[in-house]
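Chain naming here is simple, since letters A, B, ... match the order of the sequence lines and numbering starts at 1 in each.
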Amino acid sequence: MARAELMDFDQALELFEPVMGFEVHVELNTKTKMFSDAPNVFGSEPNTNITPTCLGLPGSLPVVNAQAIRYSISLGLALGCSIAQTSRFARKNYFYPDTPKNYQISQYDEPIAFEGSVDVELSDGRVVSVPIERAHMEEDAGKLTHVGGSTGRIQGAEYSLVDYNRAGVPLVEIVTKPIYGAEHSSPELAKAYVSTIRDIVVSLGISDARMERGNLRCDANVSLRPRAAAGEPAAPLGTRTETKNVNSLRSVERAVRYEIQRQAAILAAGGSITQETRHWHEDTGTTSAGRPKSDADDYRYFPEPDLLPVVPSAELIDELRAALPEPPAVRRRRLKGEWGFSDLEFQDIANSGLLVEVSETVAAGATPAAARKWWTGEIARLANAAGTDAASLVTPTQVAELAALIDDGTLTDRLARQVLEGVVAGEGSPAEVVASRGLAVVSDDGALIAAIDEALAAQPDVLAKIKDGKVQAAGAVIGAVMKAMKGQADAARVRELVLERAAATES
Amino acid sequence: MSDDILRLSAAELGERLAAHEISSVEATQASLDRIAAVDGGVHAFLHVAADDAIAAAADVDSRRASGEKLGPLAGVPIAIKDVLVTEGMPTTAGSRILEGWIPPYDATTVRLVREAGMVPLGKTNMDEFAMGSSTEHSAFGATHNPWALDRIPGGSGGGSAAAVAAFEAPIALGSDTGGSIRQPAHVTGTVGVKPTYGAVSRYGAIAMASSLDQIGPVSRTVLDAALLHDIIGKHDHHDSTSLRDRWPSMAEAVRTADVDGLRIGVIRQLDGEGFQQGVLDSFHAALDLLEGAGAHIVEVNTPNFEYAISAYYLIMPAEASSNLAKFDSVRFGLRVTPEGGGTVEDVMSATRDAGFGSEVKRRIILGTYALSAGYYDAYYGSAQKVRTLVQRDFDAAFAHVDVLASPTAPTTAFKLGEKLSDPMAMYLNDIATIPANLAGVPGISLPAGLAAEDGLPVGIQFLAPARADARLYTVGAALEKLLEEQWGGRLLDQAPDLTQLIAAQEGAR
């Protein structure tokens, strides 16, 4: 694949105004699927969580999941949307083997929620209001695995496998209106917007929101239009591309930046942008052309005759409105106060998109300081090295467990970092890694004293210095003991014991 | 003995079973023997599940012997239209594309008849995916009318109607999207009921047009239809369009039938031009009998019925084009790989090309066109408006009358092959039955007599307001009683001897 020409980002912004739009798919964590009573569970053996309806077997029919309706209304309300008194499902007809019926049940011209906005905070403290066009319910497709090709894509594959466990998982698709005026902050806003949506669905408890598992997926639309000279009317919107399935916060930011630079280079060279979907490549940080997409794609939508319209009662909407959690901005202010962080410390968390992780780690029992330290420190470092989001490496529960092991003296910080590596490598929970790698601090004084006595005997000159009151000389003995213990000892306790043993030794 | 069992209605058979005079195994074996004897000439069945049927019958017999309380049709054999999926029993909907497919689950209606102790004999022939009025569009060959083997048994449910008319089964299940239960009843001298839309679960019925399809009983008497209706007319949480009504007993409506004071509206638009004289004569003779029993006969106008067929032939193909998209070879059914292999799209395309018959393809193409961007409003949109107007015609009519009446179809059974090359002529067969599907109201067809010019059966149709299915059984049972008194028995008693017809046909070859 030839690498596309890119224009310098600042130069691109001088010449063009970026306009963005996002479609975020949220998988709801209902017990069962959108239209059948098959379990909605991630990670099972392929094609085990299925019913005749999930497979689109002849004669099967869909039935709407009431919980999914409630979750969708809650989400719509949290996005500041109006809730439709009557909304309707429609069939979106297209042939693809991951779509069991060869149509997707979605909502078309009558979505459940419409016309809202979401306040998104940028790192410089600016708050941007992102306009929401609609949020509608639909069913997820199955998962295709293409076997035999080098790319994992369908092109060049020998055959493909289909897992219908995901077919029919409830989705809400949140569609923004075009977002103008973000300018240099466009990539950052893209990431902050998706991060905010993630905060919202997590605080509502309606999705696991694990981007690496596809619980939250973002399609990013980007177009550029030339800057109008002073006094001139604004140019019409440019042709957009839709970068699909950008599945980490970090990638959302990079993909938008990349598309701005790529499109600017083409336009500046007199070329034109093809309206198409584009695939994001995490490894190279680039996008490549997908299928051409025109506004006239004909999905032959028509009202789904197997389902009745969704008509939520005013009481239900009121009940769900009353139960809404606080808005993200309010929540941030509250958490910052509760955690006692400085502005800088809090921004550090928020800008990394780690608010959810830190708050869940605190909820799981860690101190705010420990939670912040691990997420923005070691875990962020490992994520950066792996080119992924911190959230994809470990869970808040695991981090809280790690912190607890430090607090109770089982681990030192240094040992904890090794345990963390084990957890990230998939070796199990922190306690399991401690056990399997044998990483616990040696707290048995007997073992330490034996090692200390040996070290003191080996370094009589040091012993003499200590007995002379030159306490700092103890460092050499402590080092030797820590080495003998393979680092699995609490250095402070070793120091105490060294001084004790030295004083007690006959010279 | 065996012949006597076969001539019993389902209700009569149920009583004999309850009285331990006959065993279900005997009754089932009698049906299986009859099928073996005559189905070579009738071809009502696509699959006969003899061993399973005998096993199910033996099970009911042993439950009855142990004193278990069973329903009125327990132990009665039943034929099942091949549009309903049956666990462990092949289900094709009359199409090559499903040949050999064994469903892993039962349709709700099939489950309910099994739970009622009824004994499924097998699956009956039908036009492919229920698209047709003659069974000639079955991928597995046409069914022959037991009254005249060179004539159509109606469609799409010609197999169920012929099985019942040929005494191969006492009763059957059918499906009705535009008349597929009622029109076969009309041409075979049997009874067929399309219940109110939503009264019977569609779960497990292979969909043609979801907003029109409805499952219902096919029988030889009105009481039999009512008894089966009571078994299958239950709310089903697997079908979102299933009604939650508490229904009155249809069988009770039959037993207390009285038409004194009943207001019957004769649909002017379905009484005259385009209808065979013998059909109209039988229809009016039946109305006279009802009038003599105290019913008030009035004429009603339904001006929008004129557009019903046009609207139907947009809505039905539109929904069918989407419903039939799932037949793509990926998860079940036929798979045809083009020579030299190909992409998944190539395989889907080759499979659908080889697996679907011409009428199915015609309707998929029509429906795809009607839903296409730029045409949707003119076709599908307009058709939905007509549908609303047809519903208003019914509302206006039912403000003045209790039930509506018309001949069930314009002609008696036509010859096999006669209309096969003229789809429009074939579609016009459903002119009287389609409005009920568009409006979701219930309808019954029962025998009204024989047409003087050809001696073939004629049916009369009654329609009732949505949810008033019981009225169909009231008026149907009353008329049936009056007619049988006149005939001195059932209309089917006048049918020619089927074994002789078959022998004559074989002799002619």
**Student:** Could you look at B:Tyr376 and say if it's the side chain, the backbone, both or neither that has a heavy atom under 4.5 Å from chain A?
**Tutor:**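 Contact with chain A: side chain only.
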**Student:** Walk me through it: do B:Tyr380 and A:Phe302 pass the test ring pair (Phe, Tyr, Trp, His ring centres under 6.0 Å)?
**Tutor:** CA-CA 9 Å; B:Tyr380 191 76; A:Phe302 73 105; 5.7 Å; yes
**Student:** As an exercise: rank B:Leu84, B:Leu212, B:Asn323, B:Val83 by heavy-atom pairs under 4.5 Å with chain A and give me the winner.
**Tutor:**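 Top count of heavy-atom pairs under 4.5 Å with chain A: B:Asn323.
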**Student:** Identify which of A:Pro97, A:Gly59, A:Pro305 forms the greatest number of heavy-atom pairs closer than 4.5 Å to chain B.
**Tutor:**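 The residue among A:Pro97, A:Gly59, A:Pro305 with the greatest pair count is A:Gly59.
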**Student:** Do A:Phe95 and B:Glu345 touch side chain to side chain, with heavy atoms closer than 4.5 Å?
**Tutor:**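 No, every pair of side-chain atoms sits at 4.5 Å or beyond.
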**Student:** Is it true that atom CZ of B:Arg111 has more than 12 heavy atoms of other residues, nucleotides or ligands lying nearer than 6.0 Å?
**Tutor:**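 Atom CZ in B:Arg111 is crowded, with more than 12 foreign heavy atoms closer than 6.0 Å.
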**Student:** Relative to chain A, which segment of B:Ala107 carries a heavy atom at a distance below 4.5 Å: side chain, backbone, both, or neither?
**Tutor:**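 It is neither, since no heavy atom gets under 4.5 Å.
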**Student:** Kindly check if the number of other-residue, nucleotide or ligand heavy atoms within 6.0 Å of OH (B:Tyr375) is above 12?
**Tutor:**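 No - once you tally the heavy atoms of other residues, nucleotides and ligands closer than 6.0 Å, there are 12 at most.
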**Student:** For residues 326-341 of chain B, give me every residue with a non-hydrogen atom less than 4.5 Å from any non-hydrogen atom of chain A.
**Tutor:**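 Within residues 326-341 of chain B, the residues under 4.5 Å from chain A are B:Lys326, B:Phe327, B:Asp328, B:Val330, B:Arg331, B:Phe332.
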**Student:** Heavy-atom pairs under 4.5 Å with chain B - which of A:Ser36, A:Pro62, A:Pro100, A:Ser160 has more of them than the others?
**Tutor:**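 So the answer, after comparing A:Ser36, A:Pro62, A:Pro100, A:Ser160, is A:Pro100.
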**Student:** Restricting to non-hydrogen atoms, name the atom on B:Glu319 and the atom on A:Arg91 that form the minimum distance, rounded to 0.1 Å.
**Tutor:**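 In terms of heavy atoms, the two residues are closest at O-NH1, 4.2 Å.
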**Student:** How close do B:Ser240 and A:Leu307 get, heavy atom to heavy atom, and via which atoms?
**Tutor:**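 In this case the closest contact between B:Ser240 and A:Leu307 is OG-CD2, 3.4 Å.
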**Student:** What do the steps show when you test A:Arg300 against B:Ser322 for side-chain contact (heavy atoms from CB on, under 4.5 Å), and what is the final call?
**Tutor:** CA-CA 9 Å; A:Arg300 303 190 309 283; B:Ser322 174; over 6 Å; no
**Student:** Using a 6.0 Å cut-off, check whether atom NZ of B:Lys361 has over 12 heavy atoms from anything other than its own residue.
**Tutor:**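 It does: B:Lys361 NZ has more than 12 such atoms within range.
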**Student:** Side chain, backbone, both or neither: which part of B:Ser321 has a non-hydrogen atom closer than 4.5 Å to chain A?
**Tutor:**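 When you check distances to chain A, no heavy atom of B:Ser321 falls under 4.5 Å.
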**Student:** Would you say that more than 12 heavy atoms from the other residues, nucleotides or ligands in this model lie under 6.0 Å from the NZ of B:Lys234, or not?
**Tutor:**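 Yes, enclosed.
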**Student:** How many angstroms lie between CG in A:Leu61 and OG1 in B:Thr241, if you round to the nearest 0.5 Å?
**Tutor:**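 The distance works out to 7.0 Å.
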**Student:** Going by heavy atoms in the side chains, are A:Leu57 and B:Pro104 under 4.5 Å from each other?
**Tutor:**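 A side-chain contact exists here, since the closest heavy-atom pair is under 4.5 Å.
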**Student:** Given a strict heavy-atom distance threshold of 4.5 Å, which part of A:Tyr164 is in contact with chain B: side chain, backbone, both, or neither?
**Tutor:**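 Contact with chain B involves the side chain of A:Tyr164 alone.
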**Student:** What's the spacing between A:Asn102 CG and B:Leu324 CG if we round to 0.5 Å?
**Tutor:**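 Rounded to the nearest 0.5 Å, the CG-CG separation comes to 11.0 Å.
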**Student:** Checking the side chain of A:Asp298 only, and the main-chain atoms of B:Ala373 only, is there a donor and an acceptor separated by less than 3.5 Å?
**Tutor:**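 Indeed, once roles are kept as given, a pair shorter than 3.5 Å links the two residues.
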**Student:** Is there side-chain contact between B:His237 and A:Val63, with at least one heavy-atom pair below 4.5 Å?
**Tutor:**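 A side-chain contact is absent here, since even the closest heavy-atom pair is not under 4.5 Å.
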**Student:** Distance check, rounded to the nearest 0.5 Å: A:Ser60 atom OG versus B:Ile206 atom CD1?
**Tutor:**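 With rounding to 0.5 Å, OG (A:Ser60) is 10.0 Å from CD1 (B:Ile206).
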**Student:** Mind checking the CG-CZ spacing from A:Asp306 to B:Arg202? Nearest 0.5 Å is all I need.
**Tutor:**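 It is 4.5 Å, given to the nearest 0.5 Å.
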**Student:** Please report the closest heavy-atom contact between A:Pro58 and B:Tyr105, naming both atoms and the distance.
**Tutor:**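 Closest heavy-atom pair between A:Pro58 and B:Tyr105: O-OH, 2.8 Å.
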